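Report on the structure given below.
Proteins get letters first, then strands, A, B, ... in listed order; numbering begins at 1 in each. This one's a predicted model, so the numbers in the text were calculated from it and none came from an experiment.
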Amino acid sequence: GAVVSQHPSWVICKSGTSVKIECRSLDFQATTMFWYRQFPKQSLMLMATSNEGSKATYEQGVEKDKFLINHASLTLSTLTVTSAHPEDSSFYICSARDPRVGSTDYTFGSGTRLTVV
Amino acid sequence: RKEVEQDPGPFNVPEGATVAFNCTYSNSASQSFFWYRQDCRKEPKLLMSVYSSGNEDGRFTAQLNRASQYISLLIRDSKLSDSATYLCVVNRRGRDDKIIFGKGTRLHILP
């Protein structure tokens, strides 16, 4: 089945620094990837939709200048958390859908647990 | 009103029992429906898609009622390993292709 690889699995960074998270579709091309954030005991909240070759679409309330998304190729999307603060500590997860076989289910990366100290 | 609503639980159920969850969605343009399972501090994994005709996968049965806009999941003969959070997921297709998660229902299977 479709595989989505996400790195790093966890990262600890100092307040004020930037962190980049990568999401790769390993065996299919993904024109669209999705970035979610999940706080403890909360549901996954869609942050933005990453579109290959064009600007990402951000959900209401998500700062596009703080959460930079780049989808430069059909297999890679990156999320950069700029000037991270402790309140950005969360579980970030990407997903993509394999369009080849008409599948309607989405595959998720393994997630990145970000801790800002 | 949230687009996808679920009872957060927790449901504490003895091993071997049958348990059912419901989920409602508000957007009638929703086209695809799923149940995902999420273990603590892990990514969600697809449990099963949900079809209008209803579908079964082993001990799991999913139903969709488009008229009433709700989805259900039934787990029979529950196992300890079924303990997890079950996420109801709805996909809107077309110009605005996105998937929306419910908050999840926590299930604890008791020995």
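- Residues L47(B) and L74(B) do not share a hydrophobic cluster, defined by chaining ILVMFWY side chains whose heavy atoms lie under 4.5 Å apart.
- Across all non-hydrogen atoms, the minimal contact from S43(A) to G102(B) is CB-O, 3.4 Å.
- Residue K42(B) comes nearest to F91(A) through the heavy atom pair O-CE2, 3.8 Å, listed as atom of the first residue, atom of the second, then distance.
- For a residue to count as touching a neighbouring chain, one of its non-hydrogen atoms must lie under 4.5 Å from one of that chain's; by this rule R41(B) touches chain A with backbone and side chain alike.
- Counting non-hydrogen atoms of other residues, nucleotides and ligands closer than 6.0 Å to OH of Y70(B) gives a total of 12 or fewer.
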Which is it for F108(A) and F101(B) under the ring pair (Phe, Tyr, Trp, His ring centres under 6.0 Å) test, yes or no, and what are the steps along the way?
CA-CA 13 Å; F108(A) 287 84; F101(B) 285 83; 5.6 Å; yes

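- Of the atoms belonging to I93(A), it is side-chain heavy atoms, and not backbone ones, that fall under 4.5 Å from chain B.
- A single hydrophobic cluster is seen to contain both L107(B) and I71(B), as judged by linkage of ILVMFWY side chains at heavy-atom distances under 4.5 Å, directly or through other members.
- By the criterion of side-chain heavy atoms lying less than 4.5 angstrom apart, applied directly or through intervening Ile, Leu, Val, Met, Phe, Trp or Tyr residues, M48(B) is grouped together with V90(B) in one hydrophobic cluster.
- Of the inter-residue distances, the one linking M45(A) atom CE with I100(B) atom CD1 reads 8.5 Å to the nearest 0.5 angstrom.
- For chain A, no part of Q6(B) is nearby; none of its heavy atoms comes within less than 4.5 Å.
- In this structure, chain B has no heavy atom under 4.5 Å from any part of T57(A).
- In the hydrophobic cluster analysis, where Ile, Leu, Val, Met, Phe, Trp and Tyr join through side-chain heavy atoms closer than 4.5 angstrom, V19(A) is grouped together with F67(A).
- In the displayed structure, K66(A) atom NZ is contacted under 6.0 Å by more than 12 heavy atoms of other residues, nucleotides or ligands.
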As a quick check of understanding, evaluate side-chain contact (heavy atoms from CB on, under 4.5 Å) for Q6(A) and E43(B), giving each step before the final call.
CA-CA 11 Å; Q6(A) 185 174 344; E43(B) 76 277 18; over 6 Å; no

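- Under the 4.5 Å side-chain heavy-atom criterion for grouping Ile, Leu, Val, Met, Phe, Trp and Tyr, V13(B) is connected to F21(B) within one hydrophobic cluster.
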